[in-house]
2 protein chains.
Amino acid sequence: MKKFSCGFEVTKEVIGGKWKGLVLYFLMNGPRRTSELKRIIPNITQKMLIQTLRELEASGLVTRKMYNQVPPKVEYSSTELGKSLKPILQELCQWGSHYAEQEYAEGEYEIVQSEQLKLG
Amino acid sequence: MKKFSCGFEVTKEVIGGKWKGLVLYFLMNGPRRTSELKRIIPNITQKMLIQTLRELEASGLVTRKMYNQVPPKVEYSSTELGKSLKPILQELCQWGSHYAEQEYAEGEYEIVQSEQLKLG
DNA sequence: CCGCATCCCCTCGGATACTG
DNA sequence: CAGTATCCGAGGGGATGCGG
């Protein structure tokens, strides 16, 4: 059992790491196929995508549905528990976007948002 | 200039890492002395505390005030920008606390909250 | 009391190649 | 298309000791 002194640390354990929050974010609007996620999320590697999804699954935030067909098809969805993070993820996203536009932060960070990245 | 595809990543850049969110969290209710933070935050080392504070300072979330006296006294405070994260940090904390109590998560995570950790 | 400098471990995550 | 197996480098972060 891992011990923490604050719920904040637990949340970080669950959606921390380089990709977990982002992947969960893109499952908020419905199921996505593996290849779809791979295409949507810039720069994520196959390995990290799968690993990240496994971790989210283990945490109960994501479910995996496999279709027995050729070629293979797998869909990932956010659970209700995962969806309960939607407002928080959106706020984190908005805060970051706003921050990047601050005078002193400008020139530091740039957000290059592709069409597919937008959360409806 | 660092490029991101989503504001979420920017926020993670600013309050990510092992300690940044937590330290900022404990500055929400007013200025704290270095030694105070060191005492309040379990397990953080001197090095990481200072390093974390420097990074938060560089991001404009924290200010440092030094009193020229012997023995030395330094106080850190959250800026307005830092305080704008308060609701989000609280939500992250609450979500984590709630998550840790879920049936399947129980036995995985435990939150041991000292008196001093409570955010008023 | 406050902070810096070293040294160094070790984990995270990237590249690549391979299977069903 | 979906996933696994290795290999490996960078760097985050811990321990310790020194200085104002």
Side-chain angles (χ1 to χ4, degrees), chain A residues 2-6 8-9 11-27 31-59 62-77 116, chain B residues 2-6 8-9 11-27 31-59 62-77 116:
Chain A
K2 297 179 181 177
K3 301 196 179 187
F4 300 100
S5 59
C6 176
F8 175 77
E9 297 174 278
T11 307
K12 194 153 60 55
E13 189 82 2
V14 173
I15 59 167
K18 188 160 181 179
W19 301 105
K20 283 158 89 172
L22 213 54
V23 168
L24 184 61
Y25 191 93
F26 294 129
L27 289 176
R32 297 278 194 182
R33 298 189 57 172
T34 313
S35 53
E36 212 175 347
L37 288 170
K38 179 88 184 58
R39 194 160 28 78
I40 290 176
I41 303 178
N43 302 326
I44 196 169
T45 62
Q46 175 92 351
K47 172 189 166 183
M48 288 316 295
L49 177 58
I50 301 298
Q51 181 177 312
T52 299
L53 287 165
R54 291 286 174 281
E55 289 169 6
L56 291 172
E57 216 185 332
S59 299
V62 160
T63 53
R64 178 178 185 272
K65 179 167 184 183
M66 197 178 156
Y67 298 80
N68 278 322
Q69 60 180 53
V70 179
K73 172 176 169 180
V74 176
E75 271 185 354
Y76 294 93
S77 321
Q116 294 161 316
Chain B
K2 298 179 181 177
K3 301 197 179 185
F4 300 101
S5 59
C6 177
F8 175 77
E9 297 174 277
T11 307
K12 194 153 60 57
E13 189 81 2
V14 173
I15 59 166
K18 186 160 182 180
W19 302 105
K20 283 157 90 172
L22 211 54
V23 169
L24 184 60
Y25 191 93
F26 294 129
L27 290 175
R32 296 277 194 182
R33 298 189 57 172
T34 313
S35 53
E36 213 175 346
L37 287 170
K38 179 87 185 59
R39 192 161 28 77
I40 290 176
I41 304 178
N43 302 327
I44 196 169
T45 61
Q46 176 93 351
K47 172 189 165 183
M48 289 315 296
L49 177 58
I50 301 299
Q51 182 177 313
T52 299
L53 287 164
R54 291 288 172 280
E55 288 169 6
L56 290 172
E57 217 185 331
S59 299
V62 160
T63 54
R64 177 177 186 273
K65 179 167 185 182
M66 197 178 156
Y67 298 80
N68 278 323
Q69 59 181 54
V70 179
K73 171 177 170 181
V74 176
E75 270 185 355
Y76 294 92
S77 319
Q116 293 162 316

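Chain naming here is simple, since letters A, B, ... match the order of the sequence lines and numbering starts at 1 in each.
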K.L.:
Any side-chain to backbone donor/acceptor pair from A:Lys20 onto A:Glu13? Under 3.5 Å, distance only.
P.N.:
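Between the backbone of A:Glu13 and the side chain of A:Lys20 there is a qualifying donor-acceptor contact (under 3.5 Å).
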
K.L.:
Quick one: label B:Gln51 by what it contacts on the DNA or RNA (base, sugar-phosphate, nothing), any heavy atom closer than 4.0 Å.
P.N.:
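Touches nothing.
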
K.L.:
Of all the nucleotides listed (D:dT4, C:dC7, C:dC2), which has the minimum atom distance to the side chain of B:Lys47?
P.N.:
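Looking only at side-chain atoms, B:Lys47 lies closest to C:dC7.
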
K.L.:
Side chains of B:Ile44 and B:Leu37, heavy atoms from C-beta outward: is any pair under 4.5 Å?
P.N.:
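They are not in contact (no side-chain heavy atoms under 4.5 Å apart), so the answer is no.
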
K.L.:
Atom NZ of A:Lys38 to atom P of D:dA2: distance rounded to whole Å?
P.N.:
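That distance rounds to 12 Å.
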
K.L.:
The side chain of B:Arg64 is closest to which nucleotide in this list: C:dC1, C:dG3, D:dG3?
P.N.:
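Comparing C:dC1, C:dG3, D:dG3 against the side chain of B:Arg64, the answer is C:dG3.
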
K.L.:
Between A:Gly17 and B:Ser35, which has a closest nucleotide on DNA chain C that is more 5'?
P.N.:
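The residue whose closest nucleotide sits nearer the 5' end is B:Ser35.
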
K.L.:
Pick from A:Lys38, A:Arg32, A:Arg33, A:Arg39: which one makes a side chain to side chain donor-acceptor pair (under 3.5 Å) with A:Glu36?
P.N.:
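With A:Glu36 as partner, side chain to side chain donor-acceptor pair (under 3.5 Å) holds for just one option, A:Arg32.
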
K.L.:
OP1 or OP2 of C:dA15 versus the side-chain N and O atoms of A:Thr45: is any pair under 4.0 Å?
P.N.:
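Answer no for this pair, as no side-chain N or O of A:Thr45 is under 4.0 Å from OP1 or OP2.
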
K.L.:
What is the distance, to the nearest angstrom, from the NZ atom on A:Lys12 to the P atom on D:dG12?
P.N.:
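Going from A:Lys12 (NZ) to D:dG12 (P), I get 14 Å.
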
K.L.:
Heavy atoms, side chains only, cut-off 4.5 Å: are B:Trp19 and B:Leu49 in contact?
P.N.:
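Contact flag for B:Trp19/B:Leu49 side chains = no.
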
K.L.:
Rounded to the Å, how far apart are B:Gln46 CD and C:dC1 C1'?
P.N.:
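Spelled out: CD on B:Gln46 to C1' on C:dC1 is 9 Å.
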
K.L.:
To the closest 0.5 Å, what do you measure between OG1 (B:Thr63) and CG (B:Leu56)?
P.N.:
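Reported to 0.5 Å precision, the distance equals 11.0 Å.
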
K.L.:
Return the 5'-most residue of the pair A:Met66, B:Pro72 with respect to DNA chain D, ranking by each residue's nearest nucleotide.
P.N.:
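Upstream on the strand: A:Met66.
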
K.L.:
Give me the one residue out of B:Leu24, B:Leu22, B:Val23 that meets side chain to side chain contact (heavy atoms under 4.5 Å, CB included) with B:Phe26.
P.N.:
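Among the candidates, only B:Leu22 passes.
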
K.L.:
Report yes if some heavy atom in the side chain of A:Met66 is under 4.5 Å from a heavy atom in the side chain of A:Asn68; otherwise report no.
P.N.:
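In short, these two side chains touch, coming nearer than 4.5 Å.
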
K.L.:
Can you identify which nucleotide, out of C:dG13, D:dT4, C:dG3, has its nearest atom closest to the A:Met48 side chain?
P.N.:
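Nearest to the side chain of A:Met48 among the choices is C:dG13.
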
K.L.:
If you take all heavy atoms of A:Pro31 and A:Glu75, which pair is closest and at what distance?
P.N.:
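It is CB-OE1, 3.7 Å.
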
K.L.:
Identify which nucleotide among C:dC1, C:dG13, C:dC4 has an atom closest to any side-chain atom of B:Pro71, counting heavy atoms from C-beta outward.
P.N.:
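The closest nucleotide is C:dC1.
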
K.L.:
For the pair made of CG in A:Leu49 and P in C:dG13, what is the distance, rounded to whole Å?
P.N.:
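To the nearest whole Å, that distance equals 13 Å.
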
K.L.:
Starting at the 5' end of DNA chain D, what dot-bracket string do you get if Watson-Crick and G-U pairs under 3.5 Å are bracketed, crossing pairs use [ ], other-strand pairs use | and unpaired bases use dots?
P.N.:
||||||||||||||||||||

K.L.:
For A:Leu37 and D:dG3, give me the distance from atom CG to atom C1', rounded to whole Å.
P.N.:
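After rounding, the reported distance stands at 14 Å.
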
K.L.:
Taking only side-chain N and O atoms of A:Arg33, does any of them lie within less than 4.0 angstrom of OP1 or OP2 on D:dA2?
P.N.:
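Checking A:Arg33 against D:dA2: at least one side-chain N or O falls below 4.0 Å of OP1 or OP2.
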
K.L.:
Round to the nearest Å and state the distance from B:Arg54 atom CZ to C:dC2 atom P.
P.N.:
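Nearest whole value for this atom pair: 12 Å.
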
K.L.:
Of the nucleotides D:dG3, C:dC2, D:dG13, which has the atom closest to the A:Tyr76 side chain?
P.N.:
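Selected nucleotide (nearest to the side chain): D:dG3.
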
K.L.:
Taking N and O atoms by type only, does the side chain of B:Lys18 place a donor or acceptor under 3.5 Å from a partner on the base of D:dG13?
P.N.:
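Looking at the base of D:dG13, it does not pair with any donor or acceptor on the side chain of B:Lys18 (distance under 3.5 Å).
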
K.L.:
Check the distance between C:dG13's P and B:Glu9's CD and give it to me in whole angstrom.
P.N.:
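So the CD-P distance, B:Glu9 to C:dG13, works out to 13 Å.
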
K.L.:
Once you round it to whole Å, what is the distance between P of D:dG13 and CD1 of B:Ile41?
P.N.:
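One finds 14 Å between P of D:dG13 and CD1 of B:Ile41, rounded.
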
K.L.:
Considering only D:dC1, C:dG3, D:dA5, which nucleotide approaches the side chain of B:Val74 most closely?
P.N.:
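In terms of side-chain proximity for B:Val74, the closest of D:dC1, C:dG3, D:dA5 is C:dG3.
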
